[in-house]
Q: 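This is the structure, below, for whatever I ask next.
The residues of the chain are indexed from 1 along the displayed sequence. Counting starts at 1 for both ligands and their atoms, following the listed order. Worth knowing before you read on, the calculation uses all heavy atoms, side chains too, and leaves out hydrogens, waters and symmetry mates.
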Amino acid sequence: MASRNRALIERDLEVLWHPTTQMKDHEWLPLVPIRRGEGVWLYDLDGNRYLDAISSWWVNLFGHAHPQINQRIREQLDNLEHVLLAGFTHEPVVELSEQLVEITPVSLTRCFYTDNGSSAVEVALKMSYHYWHNRGQAEKRRFITLSGSYHGETLGTLGVGDVALYKETYKPLLMEAITVPSPDCFQREPGQSWEDHSRAMFVHMDQALAEHAGETAAVIVEPLVQCATGMRMYHPVYLQLLREACDRHGVHLIADEIAVGFGRTGSLFACEQAGICADFLCLSKGLTAGYLPLAVVLTTDQVYEAFYDDYATLRAFMHSHSYTGNPLACSAALATLELFREQDVIGRNRELAEHMGDAVAHLAEHPHVGEIRQTGMILAIEMMQDPANRVPYPFQERRGIRVYQHALSREALLRPLGNVVYFMPPYVINEDQIDHLARVAEEGIEHATR
Ligand code: PMP
């Protein structure tokens with residue numbers, strides 16, 4: 001029987017170059033062509049389905065093809081698809097900004113838009129430096145980051161990131177950040193609590209700030225979960241200590257909530273769990289519930305005021321992207337925020353998160369599972385060669401891909417990060433579907449660690 005999947009794969013491989021992919025892998029690892037999505041499911045051209053357990057790279061919140069979001073975009077499409085945002089404005093971007101200012105801490109009062117997460121981080125970095133520049137402190141031009149952090153893959157964001165796989169080759173091209181050991185609780189001593197470990201690790205940040213504050217514009221962090229490095233997690237106390245130290249040393253705090261914002265960690269924003277507010281809050285991904293590319297940097301009056309002056313002073317923030325504040329994307333974001341208002345999303349997520357934890361708890365005993373960790377709707381299972389002696393599997397063995405392949409054969413999309421199998425599902429997943437994922441993950445791990 002002719003496979004429609006295969007026909008599209010052949011055409012694809014003639015003309016495409018896929019993201020973060022060694023294209024030679026597709027000699028033996030088939031692409032998965034998707035025709036449509038509905039709820040947690042993705043359907044391929046031959047009629048097979050896959051449960052999107054990773055929310056299509058952590059973007060989807062309320063499932064694929066959500067009627068309410070679809071409707072809102074359709075209505076916008078009939079009015080205005082796009083207009084430049086310099087000198088012009090439109091209802092969706094104003095309404096969205098009002099709502100974002102409303103749902104984030106009171107000191108965040110200004111929204112600057114971009115069209116993807118990396119460029120939002122670039123904006124926060126540039127704005128922070130430019131703020132100090134405008135204030136006559138141009139020597140504050142460095143950034144402090146955590147080991148294992150990820151903030152995007154443009155040259156600027158790679159400079160403040162620390163995932164070797166993405167960064168190593170380009171190092172000669174990058175600005176040099178000050179990298180401080182992460183509070184990552186996977187590294188804690190046996191028996192030590194998350195809080196004690198994260199608190200103890202702050203000593204390194206404290207030292208870096210004491211030494212470098214005079215030349216540092218900002219500290220940038222992924223609050224609570226360092227996702228791309230393998231869902232490494234830490235305790236909110238670290239953010240409290242960090243906020244206090246940044247204030248003491250006169251250094252900005254940039255919170256990159258691109259992956260963890262919009263309910264992933266058990267609160268609307270991860271920083272809420274520490275009761276802190278960053279000087280720059282970067283949001284994307286879930287902002288449009290996974291529909292359209294949009295990102296925003298929220299900042300304070302204090303930052304805004306440092307740029308507000310007569311044109312000839314050249315203090316303005318001269319940064320633009322063609323699709324800044326795109327009306328269709330803003331409409332998707334407005335529908336997303338409407339769903340948060342209409343439903344107790346955070347409450348339901350709490351139930352789902354508990355079910356996820358229970359469904360995989362027994363895997364902690366598996367001889368090749370080093371840790372199961374969870375923060376809200378993010379759950380990770382770390383496969384290890386020898387957990388007792390903390391020996392990881394060599395990356396060359398690519399154990400994660402075996403889990404990926406097994407999962408596809410069992411109607412699930414799991415895409416491990418190296419040896420870390422994780423769930424980060426859309427919030428419309430139900431308990432039975434979580435149980436299915438848990439079974440598939442267990443089989444996959446069994447298969448991959450044999
Ligand atoms: N920061 C974080 C924490 C992210 O997880 C990501 C994307 N995975 C980015 C920045 C970059 O976003 P984008 O892929 O939209 O450029």
Side-chain angles (χ1 to χ4, degrees), residues 18-21 52 54-61 112-128 143 145-167 170 174 177 179 182-184 218-234 238-239 253-265 269-271 278 280-298 319 321-326 329 332-333 336 375-378 380 415-418 420 422-424:
H18 287 269
T20 198
T21 298
D52 188 357
I54 61 162
S55 300
S56 287
W57 267 349
W58 326 336
V59 297
N60 191 291
L61 300 189
F112 190 99
Y113 290 88
T114 67
D115 45 21
N116 63 75
S118 303
S119 57
V121 172
E122 298 264 352
V123 162
L125 299 173
K126 283 176 72 178
M127 256 187 197
S128 173
F143 298 96
T145 186
L146 296 174
S147 60
S149 59
Y150 177 97
H151 298 289
E153 283 161 58
T154 56
L155 293 179
T157 57
L158 279 177
V160 293
D162 184 47
V163 179
L165 183 63
Y166 307 122
K167 178 166 184 169
Y170 307 104
L174 306 179
T179 306
S182 164
D184 168 13
V219 176
I220 180 166
V221 292
E222 293 160 273
L224 300 189
V225 188
Q226 295 184 292
C227 295
T229 202
M231 303 296 165
R232 294 299 179 84
M233 302 176 183
Y234 60 92
Y238 192 88
L239 296 172
L253 175 57
I254 301 172
D256 175 354
E257 293 221 18
I258 288 163
V260 296
F262 297 101
R264 288 284 178 205
T265 65
F269 299 111
C271 283
F280 301 91
L281 173 63
C282 303
L283 303 173
S284 188
K285 294 192 188 271
L287 175 59
T288 64
Y291 263 70
L292 287 161
L294 183 70
V296 62
V297 180
L298 283 112
H319 184 107
H321 296 283
S322 310
Y323 285 103
T324 298
N326 172 260
T336 303
T375 298
M377 289 293 281
I378 308 175
R415 198 173 189 274
L417 293 154
V420 178
Y422 71 93
F423 304 155
M424 197 157 162

Q: Considering only the protein, which heavy-atom contact is closest to atom 14 (O) of ligand 1, and what is its distance?
A: Ser118 OG, 4.5 Å

Q: Considering non-hydrogen atoms of the protein only, which is the closest contact for atom 6 (C) of ligand 1, and what is the distance?
A: Tyr150 CE2, 3.5 Å

Q: For the side chain to side chain contact (heavy atoms under 4.5 Å, CB included) test, which of Val123, Val296, Thr324 pairs with Thr114?
A: Val123

Q: Output the distance between atom CG (Leu61) and atom OH (Tyr291), rounded to the nearest 0.5 Å.
A: 11.0 Å

Q: Would you compute the distance between atom CZ of Arg264 and atom CH2 of Trp58 and round it to the nearest 0.5 angstrom?
A: 10.0 Å

Q: To the nearest 0.5 Å, what is the distance between CG on Leu125 and CD1 on Ile220?
A: 5.0 Å

Q: Any nitrogen or oxygen of Gly117, side chain or backbone, less than 3.5 Å from one on ligand 1?
A: yes

Q: Donor-acceptor pairs are to be reported for all side-chain atoms of residues 158-165 against protein atoms at under 3.5 Å, with residues two or more places apart or in another chain.
A:
{"residue": "Asp162", "atom": "OD2", "partner": "Gly148", "partner atom": "N", "Å": "2.7"}

Q: Would you mind running through ligand 1 and noting each atom that sits below 4.0 Å from a heavy atom of Glu222?
A: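 Per the distance check, 3 (C).
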
Q: If the cut-off is 4.0 Å to any non-hydrogen atom of His151, which atoms of ligand 1 fall inside it?
A: 1 (N), 10 (C)

Q: What atoms in ligand 1 come closer than 4.0 Å to a heavy atom of Ala259?
A: 5 (O)

Q: Applying side-chain hydrogen bond (donor to acceptor under 3.5 Å, both in side chains), run through Ser56 and Asp52 and close with a yes or a no.
A: CA-CA 7 Å; Ser56 287; Asp52 188 357; 2.8 Å; yes

Q: Please list, chain by chain and in numerical order, all residues satisfying salt bridge (charged side-chain N to carboxylate O under 4.0 Å, His left out) with Arg232, sequence neighbours excluded.
A: Asp184, Glu382

Q: Is Trp58 close enough to touch ligand 1? Criterion: a residue heavy atom under 4.0 Å from a ligand atom.
A: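 The answer is yes, since Trp58 has a heavy atom less than 4.0 Å from ligand 1.
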
Q: What atoms in ligand 1 come closer than 4.0 Å to a heavy atom of Lys285?
A: 5 (O), 6 (C), 7 (C), 8 (N)

Q: Pick one of side chain, backbone, both or neither for how Cys227 approaches ligand 1, counting any non-hydrogen atom pair under 4.0 Å.
A: neither

Q: Identify, for atom 2 (C) of ligand 1, the protein heavy atom at the shortest distance, and state residue, atom and that distance.
A: Asp256 OD2, 3.4 Å

